[in-house]
Protein chains: 2
Amino acid sequence: MAASRVRNGGRPTLEEVAARAGVGRGTASRVINGSPRVSDATRQAVEAAVAELGYVPNRAARALAGNRTDAIALVVPEPETRFFAEPYFSAIVRGVGAALADTEMQLLLTLVGNDRERRRLAQYLTAHRVDGVLLVAVHADDPLPELLEQLGMPCVISGARHAAETLPSVDSDNFEGARAAVEHLVSRGRRQVATITGRLEVYGAQRRLDGYRAAVSAAGLAPDERLIAPADFTEEGGARAMRDLLARRPGLDAVFVASDVMAAGARQVLREADRRIPEDVALIGFDDSVVARHMHPALTSVRQPIEEMGRRMAQLLLDEIAGRAPGDERPSVVLPTELVVRDSS
Amino acid sequence: MAASRVRNGGRPTLEEVAARAGVGRGTASRVINGSPRVSDATRQAVEAAVAELGYVPNRAARALAGNRTDAIALVVPEPETRFFAEPYFSAIVRGVGAALADTEMQLLLTLVGNDRERRRLAQYLTAHRVDGVLLVAVHADDPLPELLEQLGMPCVISGARHAAETLPSVDSDNFEGARAAVEHLVSRGRRQVATITGRLEVYGAQRRLDGYRAAVSAAGLAPDERLIAPADFTEEGGARAMRDLLARRPGLDAVFVASDVMAAGARQVLREADRRIPEDVALIGFDDSVVARHMHPALTSVRQPIEEMGRRMAQLLLDEIAGRAPGDERPSVVLPTELVVRDSS
DNA sequence: CAGTGTATTGGGAGCGCTCCCAAGAAGGGG
DNA sequence: CCCCTTCTTGGGAGCGCTCCCAATACACTG
């Protein structure tokens, strides 16, 4: 039934490798950890023994002796359903996985659903059970980053929390993505471009709004606060905002929506109001999700390089764990977005 | 920069807890592991010490001494993009996470992209670095399950690989889901019900076809092999199959498609052929993905309880790790599906 | 009251590895 | 030819925990 009683599950130990190679345990360890202070002959002997025996280091023993874990945690706030939707979650995971693929690092997935789990996580991290943490979709008021900072636990977040972000972070260029989208609308002759924003406490949503404003000014259009409708990243919120906009500014001819899901809600309202897309109203979303591709008409959307973001987050974290030279500033990466033009604009 | 030199990262050890409680290390260990062979007074003393010191067991030490890891791996074949699409991946992860939430088990995520990574995984598993494995989207000819069986490593798969599945598995009731979908079509007066299948090497796809056939017979309709078009779970494949069907049986008035994504392809072809949905042709998909909800008209679809599947997989695996009494048959769970009726049928 | 159990308890002996010190080997300078 | 460096090397000393055995305490039984 359960595990055998055999030591180390019957796997060869470092000691056995050393014996086989005719060297001491310390030397074998050096070879396996790539220390330069070993002669070539010895190295080869040990490597041969490793190959013959099929030796794989025992991770637990390593962790215990070396006071590290060779594991990082990807912490996902489960209530953040937005994050779980395509394309985010899988793409981030793929990116992180790719970056870790030829590393010894393991990826631990931690879903944090409620406060109890949150406390458990804190305890978990306090107990130093991982070497570093990737934090996605953190809110500006989340205490977790401070805790990590205090513990001296390396950490990278996705999406800066505000303009003066202190943590290493990876973000897409929300400002420029929004700006380009609106510029595109203007270039196609739209004059009354509205926007539906995400929750503005989310810095990225704020940046998209900033980008919208910048493009409107740049185009020489009159800024009009009544063309700006705040929403909450949900489909229902998008619909509500669209209704408001239509009531306030019936003459609008384009809407830049800060997420595809909200755009789906907006599209529904536009359909009910008998506005044709794109003839009467052009629509642009954000995320380039599967919803965008399958919407009718297919939704023009701003694509974020999410997989690449995952990859960069992992790389940053590995650097952070390896130790950053003092004086290096906090690394933060901003990746370019891409406007995917489809039928809705 | 790097980690401090302090032992155990400055955390209290079991020894310290024991000292504080005025008991021996062994006794403290017993309390922490919930052994019944401890007096109440002692238990309380130890628990108090644990609370005061904020003791958290050192996982690595535990793993080393106990020859287990308290971790399970979720192995995801990365090429299987179908799995990465919503709703699968995130829902499975959520379910697994939920089942593990009040367990000491960690969840390790392992993406297997190519053969090299596959070999690495095998080595990894051979080295007993996890207590058990969740395997999703395994192909019938994947060697991994055999390897695990050989190693005596507990394992649960999602989706039986064939009728005589030997591994513990969790599956949705593909047969019944398909049968109910087709029955629904028939009950709405459709007489020429076609189907677009997934890759039939995938057992689940085969079962959906079986369900389709069963419903057709039960309805007293003439079975017609020309109403069955094989595809491959892709949108393009779905479109191709739909074209074939239309060419062969122009009079068809309903299609049961074995996945939403294929249904999206089929819908495109139907639109081009000027068949109205659902007036001329009713359409039903499978998965109840976001695509189904946002399709126009909204797609009727068979929902699988994916999160629940994840939860059950994890539970099964935990049982398996705890040890199954000899004589217990291989547990396998089949969960009911649900037909979500929308506008397309 | 000796004899036999049963319920607790303490702590030794590892688990497989890394860290580090000291010793041996090899090479160079005076 | 001897001494001092530098390069390698072996292996002791843990890392914090679980397993298990032996010891103690106590309660009965006859």
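Residue numbering restarts at 1 for every chain, and letters A, B, ... go by the order of the sequence lines. What you see below is based on every heavy atom in this structure, not just the backbone, and it leaves out hydrogens, waters and symmetry mates.
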Exercise for the section: Return each pair, listed once, that meets side chain to side chain donor-acceptor pair (under 3.5 Å) where at least one residue sits in residues 10-22 of chain B; pairs must be two or more places apart or across chains. Expected result: B/E15-B/R25, B/R20-B/E52

Handout entry: Residue pairs involving residues 125-136 of chain B (criterion salt bridge (Lys or Arg N to Asp or Glu O under 4.0 Å); sequence neighbours excluded)
Key = none

Fill in the blank from the handout: Considering only heavy side-chain atoms of B/A61, the closest of C/dG16, D/dG16, D/dT18 is D/dG16

Handout entry: Between C1' of C/dC17 and CZ of A/R11, the distance in whole Å
Key = 16 Å

Exercise for the section: Determine: side-chain N/O of A/N67 to OP1/OP2 of C/dT18, distance under 4.0 Å, yes or no. Expected result: no

Fill in the blank from the handout: With sequence neighbours left out, the residues meeting ring pair (Phe, Tyr, Trp, His ring centres under 6.0 Å) with A/Y55 are none

Practice task
Measure the angle between the two terminal helix axes of the helix from C/dC1-D/dG30 to C/dG30-D/dC1, five base pairs each, and quote it to 10°.
Solution key: 50°

Exercise for the section: Would you mind reporting whether A/P145 and A/L135 have side-chain heavy atoms less than 4.5 Å apart? Expected result: yes

Problem - Listed once per pair and sorted, the salt bridge (Lys or Arg N to Asp or Glu O under 4.0 Å) pairs that draw on residues 135-148 of chain B, sequence neighbours left out - result: B/R118-B/D142, B/E146-B/R161

Exercise for the section: Starting from P on D/dG14, measure out to CG on B/L64 and report it in whole angstrom. Expected result: 17 Å

Handout entry: Distance, rounded to the nearest Å, where B/R62 contributes CZ and C/dC17 contributes P
Key = 21 Å

Practice task
Let me know the distance between CG of A/N8 and C1' of C/dC17, rounded to the nearest Å.
Solution key: 10 Å

Exercise for the section: Would you please name every residue forming a side-chain contact (heavy atoms from CB on, under 4.5 Å) with A/S29, sequence neighbours left out? Expected result: A/L14, A/N33

Exercise for the section: For DNA chain D, determine which residues of residues 44-58 of chain A have any heavy atom closer than 4.0 angstrom to one of its atoms, and list them numerically. Expected result: none

Exercise for the section: Applying side-chain contact (heavy atoms from CB on, under 4.5 Å), name anything that partners A/A21, two or more places apart in sequence or on another chain. Expected result: A/V23, A/A45, A/V46, A/A49

Output a table of donor-acceptor pairs, distance under 3.5 Å, between side-chain atoms of residues 305-317 of chain B and any protein atom two or more places apart or on a different chain; print 'none' if there are none.
| residue | atom | partner | partner atom | Å |
| --- | --- | --- | --- | --- |
| B/E308 | OE1 | B/R311 | NH1 | 2.4 |
| B/E308 | OE2 | B/R312 | NH1 | 3.4 |

Practice task
Mind calculating the distance between CG (A/N33) and P (C/dC20) to the nearest angstrom?
Solution key: 13 Å

Problem - For A/A61, side-chain contact (heavy atoms from CB on, under 4.5 Å) partners two or more places apart - result: A/N58, B/L64

Exercise for the section: Look at B/S29 and D/dC17 and indicate whether a side-chain polar atom (N or O) is within less than 4.0 Å of OP1 or OP2. Expected result: no

Handout entry: Length of the line joining B/E16:CD and D/dC15:C1', which is rounded to integer Å
Key = 13 Å

Problem - Where at least one partner belongs to residues 94-103 of chain B, residue pairs that pass side chain to side chain donor-acceptor pair (under 3.5 Å), sequence neighbours excluded - result: A/E78-B/R94

Handout entry: Contact check, side chains of A/V334 and A/S172, non-hydrogen atoms, under 4.5 Å
Key = no

Polar pairs (N or O, both sides) under 3.5 Å between protein and nucleotides 6-13 of chain C?
| residue | atom | partner | partner atom | Å |
| --- | --- | --- | --- | --- |
| C/dT9 | OP1 | B/S39 | OG | 2.9 |
| C/dT9 | OP1 | B/T42 | OG1 | 2.2 |
| C/dT9 | OP2 | B/S39 | N | 3.0 |
| C/dT9 | OP2 | B/T42 | OG1 | 3.4 |
| C/dG10 | OP1 | B/G24 | N | 3.4 |
| C/dG10 | OP2 | B/G24 | N | 2.7 |
| C/dG10 | OP2 | B/T27 | OG1 | 2.5 |
| C/dG10 | N7 | B/R30 | NH2 | 3.1 |
| C/dG10 | O6 | B/R30 | NH2 | 3.4 |
| C/dG11 | N7 | B/G26 | N | 3.3 |
| C/dG12 | N7 | B/R25 | NH2 | 3.1 |
| C/dG12 | O6 | B/R25 | NH1 | 2.9 |
| C/dA13 | N6 | B/R25 | NH1 | 3.4 |

Practice task
Rounded off to whole Å, could you give me the CD1-to-P distance for the B/I32 and D/dG16 pair?
Solution key: 14 Å

